[in-house]
Amino acid sequence: MLKRIGRRMLAATIAAGVLFAPALAQAGEVTFWTWRQEDRAAYAELFAEFMKANPGITVKFESFAVEQYATVLSTALAAGKGGDVIHTRAYGGLEQFAKAGYLLALDNANVPELANLGDDAKASLTLRADGKVYSYAFASQTLGLYVNNEVFKRAGVTPPTTWAELIAVSKTLKDKGVVPLANGMATAWMAEVFTSVFTNPLVGPEFSADLLSGKATFSDARYVGALTKLLELRDYMPPGFTGIDYPTAQQLFLSGRAAMFAGGSFEIANFRKQNPKLDMTFIAPPAPQVGAPRLVSKFFDGGYAVNAKSSNQADALKLVRWMGTKQFGDRFSALLGNISPIKGVTIADPMLAEVAKLNETSAPYITAVYFRYDSPTGSELLQAGIQKMMAGSMTPAEVGASMTQGITRYFKPFQK
Amino acid sequence: MSLFVAWPLLSALRYAFFSFKGVAPDAFVGLANFRDVLTSEPYASWTWRALWHNVIVFTSLMVVQNGLAYLIAFALLKGLPGHRVHQVIVFLPVVLSAVIVGFLWKLFLHPMFGMVNAALALVGLPGRPWLGDEATALGSLIFTNAWHWVGFPALIFLAGMQRIQKETLEAARIDGANDRVLLTRIIWPLVAPATTIIFTLTFIGSFNWFELPYVMTGLNGSPGGATDVLGLYFYRTAFGNTTSGLQDFGRGSALAVLMFLFIATTCAVALRYLRRREIQL
């Protein structure tokens with residue numbers, strides 16, 4: 001009896017394995033795993049070009065829901081499965097997979113195209129422990145301020161360049177019955193984006209270096225002061241802004257009910273798709289005073305990695321190398337409306353080209369770039385704190401202190 | 001079948017004692033993960049806050065949702081005109097998925113376009129961001145849950161009430177018992193088995209609460225953790241929040257084990273008491 005049960009269980013296990021195991025590619029087939037379901041058509045076009053140039057290799061696009069991607073990926077990789085080429089996040093999101101030994105280290109020998117990336121792009125996809133790059137950067141993102149030109153024109157105001165102008169313009173817009181700033185606080189990650197957009201110019205260009213050296217913490221007067229300034233914006237956000245979520249904020253801006261939207265360059269393609277007639281500009285956030293730099297926040301989205309257990313590593317590397325060429329970068333930027341970090345890429349779209357120009361005066365998106373490697377992440381701490389601060393149940397100093405306290409657990413410069 | 005049930009439980013138990021190198025198990029760390037989530041800041045505050053919210057959810061649902069269900073069941077028992085239609089209406093939301101109900105009520109409670117604020121405006125009352133205000137967010141979720149589920153305990157209570165012999169109720173009536181006396185002195189002890197079932201299901205549901213807060217206020221338990229419950233906190237810790245956190249299977253598994261132990265122990269103790277109560281009554 002026991003033998004029979006054992007046999008049945010074995011058969012069931014094998015059947016389940018066959019049924020559910022996402023098989024690694026067959027010879028000549030490279031599977032590409034991603035969370036970007038919405039980019040399927042663009043990647044189909046890109047991969048068709050690759051397959052034309054590389055006869056004998058077929059690329060299979062496999063996408064997963066964004067919320068489950070990391071879980072699906074870690075489960076598959078732990079079982080020695082997963083795509084041959086894997087779309088990864090950057091910074092801590094990459095490190096947790098690289099640290100586990102699931103990804104192939106990329107170097108100048110296996111991917112000479114690494115030379116096409118800038119140092120900050122490579123750093124975003126490097127495992128800090130061994131200094132090796134594990135993924136090839138695909139896009140940089142910029143956080144700034146969207147302006148609805150038509151609404152501004154109607155109200156007779158011009159885009160603000162300083163904080164004082166931002167407040168004055170917002171007041172005029174509000175008096176004319178327009179919501180000045182579309183953003184709300186209900187979606188935690190957008191609250192973090194909102195914070196970075198406005199605080200980065202206020203804290204100044206040296207702040208992130210001071211954080212990294214331990215000369216400053218989040219309790220620094222510059223950071224707490226910048227958070228305090230954010231409170232002034234509450235009067236110019238939508239009514240009940242603490243309950244306004246990301247989709248509502250987008251719709252308020254797209255419909256012209258709100259004049260500005262603090263967000264990332266990743267919105268451009270989506271905004272255009274939803275309202276092709278929208279006359280918008282992406283500008284740098286206001287400076288604290290005339291003459292001070294208007295720093296946009298910059299970060300890298302993620303990259304293309306090769307599965308360390310891929311049975312078709314040679315072809316997978318071929319694909320990643322191709323995705324590191326200028327030819328790919330040009331097409332990628334044109335098709336997906338994102339800025340490729342590959343050197344010398346031509347950005348034909350005028351708005352995207354403007355964003356690329358703004359990147360020349362940028363500072364890192366601090367919480368994402370430096371504090372998403374360990375738990376509790378800076379983002380977790382900021383997201384919870386900023387929601388409370390904007391609702392009035394926490395002070396800016398308390399938000400700074402809670403971030404410093406949480407990060408001190410693992411960040412040596414704060415432990416001094 | 002046992003393999004499918006036991007294996008995940010055992011692997012969660014095993015992972016709870018390991019540190020992780022990224023997403024791969026690394027070294028045996030004894031009770032360190034348990035210590036972290038129970039005593040080390042900021043995890044300890046998050047754990048106790050989430051547990052406290054679950055306690056509030058359970059208590060509120062027991063009183064509001066199940067109390068209302070008891071009264072509805074009695075009203076349906078009385079067979080008032082139209083009781084059959086009302087029986088269906090009360091039970092109708094139960095067949096909807098929590099995701100649909102969550103989205104629906106998120107829209108109703110929207111601070112700018114929601115039906116609730118519009119209705120309040122009609123009678124001259126100010127609206128508020130129900131889900132964006134720390135004072136009302138958890139209450140709004142509890143209300144939505146009660147709206148969704150009230151039909152279920154009502155049906156169980158009704159079934160329990162219908163099993164009571166008519167003669168018992170008629171005798172009480174002849175002796176001068178009004179509705180209040182019937183409900184508190186006669187029916188309440190006789191529906192004890194139904195109460196046991198409802199208590200158990202509400203307890204498990206409240207401490208495993210996930211879908212509704214996830215849909216309505218997000219994985220972070222917005223705003224500022226005001227709607228954070230153990231289910232969200234566990235998920236966020238173990239599987240990572242794509243927009244802020246990392247996957248931490250060690251601490252996540254420790255939380256899962258603690259939740260399992262808490263629910264199983266409390267259920268076992270409560271069931272023992274409730275079963276004894278059924279016999280006594």
Side-chain angles (χ1 to χ4, degrees), chain A residues 9 12-13 35 66-71 73-74 77-78 89 92-93 95-102 184-192 238-245 248 252 367 372-377 379-391 393-394 402 405-406 409, chain B residues 1-4 20-26 36 40-43 45-46 106 109-114 117 126-137 140 214 216-226 228 235-252:
Chain A
M9 272 171 63
T13 312
W35 69 88
V66 61
E67 303 84 12
Q68 283 127 35
Y69 184 66
T71 313
L73 189 58
S74 54
L77 291 174
R89 304 276 178 188
E95 217 179 67
Q96 56 183 354
F97 292 105
K99 227 194 266 181
Y102 295 151
M185 284 289 131
T187 305
W189 70 269
M190 255 326 263
E192 183 189 8
F241 67 89
T242 53
I244 297 289
D245 60 2
T248 307
L252 286 173
T367 39
R372 273 197 200 167
Y373 288 97
D374 295 282
S375 177
T377 66
S379 298
E380 283 175 284
L381 297 161
L382 174 61
Q383 289 178 13
I386 205 70
Q387 286 184 323
K388 282 172 165 272
M389 186 192 90
M390 295 299 275
S393 62
M394 225 172 155
S402 88
Q405 190 197 14
R409 275 182 69 96
Chain B
M1 190 63 206
S2 315
L3 182 76
F4 286 111
F20 275 72
K21 198 173 174 186
V23 289
D26 189 20
D36 269 357
S40 177
E41 288 301 334
Y43 308 110
S45 299
W46 294 345
K106 196 177 170 184
L109 296 165
H110 195 283
M112 287 177 85
F113 315 115
N117 278 357
R128 56 191 311 164
W130 300 98
L131 295 171
D133 188 331
E134 288 173 65
T136 53
S140 303
Y214 179 69
M216 292 181 77
T217 52
L219 203 48
N220 296 66
S222 289
D228 200 14
Y235 188 93
R236 214 168 55 228
T237 308
F239 302 118
N241 185 347
T242 43
T243 54
S244 66
L246 300 167
Q247 297 188 59
D248 184 346
F249 295 125
R251 292 194 191 101

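In what follows, chains are A, B, ... by sequence order, proteins preceding strands, each numbered from 1. Quick caveat, the model's predicted, so the values are computed rather than measured.
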Option in [options] with maximal non-hydrogen atom pairs under 4.5 Å from chain B:
| options | result |
| --- | --- |
| A:Ala188, A:Ala191, A:Pro238 | A:Ala188 |
| A:Pro239, A:Gly406, A:Ser402, A:Ala186 | A:Pro239 |
| A:Ala78, A:Gly93, A:Ser393 | A:Ser393 |

Ring pair (Phe, Tyr, Trp, His ring centres under 6.0 Å) involving A:Phe97 - partner list, sequence neighbours excluded: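 Here no residue qualifies.
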Heavy-atom donor-acceptor pair, A:Arg409 side chain to B:Glu41 backbone, under 3.5 Å: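 Side chain of A:Arg409 to backbone of B:Glu41: a pair is present.
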With a 4.5 Å cut-off on side-chain heavy atoms, are [Y] and [X] touching?
| X | Y | answer |
| --- | --- | --- |
| B:Pro129 | A:Ile244 | no |
| B:Pro111 | A:Phe241 | no |
| A:Lys388 | B:Pro223 | no |

Side chain, backbone, both or neither of B:Trp130 within contact of chain A (heavy atoms, under 4.5 Å): neither
Contact winner vs chain A - B:Leu131, B:Leu246, B:Asn220, B:Asp26, heavy-atom pairs under 4.5 Å: B:Leu246
Interface residue of largest heavy-atom contact number with chain A, from B:Phe239, B:Phe249, B:Phe20, under 4.5 Å: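 The residue among B:Phe239, B:Phe249, B:Phe20 with the greatest pair count is B:Phe239.
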Contact class of [X] relative to chain B, heavy atoms under 4.5 angstrom:
| X | result |
| --- | --- |
| A:Leu252 | side chain |
| A:Ile386 | neither |
| A:Tyr69 | neither |
| A:Ala391 | side chain |
| A:Asp245 | side chain |

Sequence-distant partners of A:Glu192, side chain to side chain contact (heavy atoms under 4.5 Å, CB included), two or more places apart: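 A:Glu192 satisfies side chain to side chain contact (heavy atoms under 4.5 Å, CB included) with A:Tyr365, A:Thr367, A:Arg372, A:Ser379, A:Leu382, A:Gln383 only.
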Residues A:Gln387 and B:Ser222: side-chain donor-acceptor under 3.5 angstrom: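 Yes, B:Ser222 and A:Gln387 have a side-chain donor paired with an acceptor closer than 3.5 Å.
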Nearest heavy-atom neighbours spanning A:Ser74 and B:Gln247: OG-OE1, 3.1 Å
Residues, nucleotides or ligands: over 12 heavy atoms within 6.0 Å of B:Glu134 CD: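 Result for CD/B:Glu134: enclosed.
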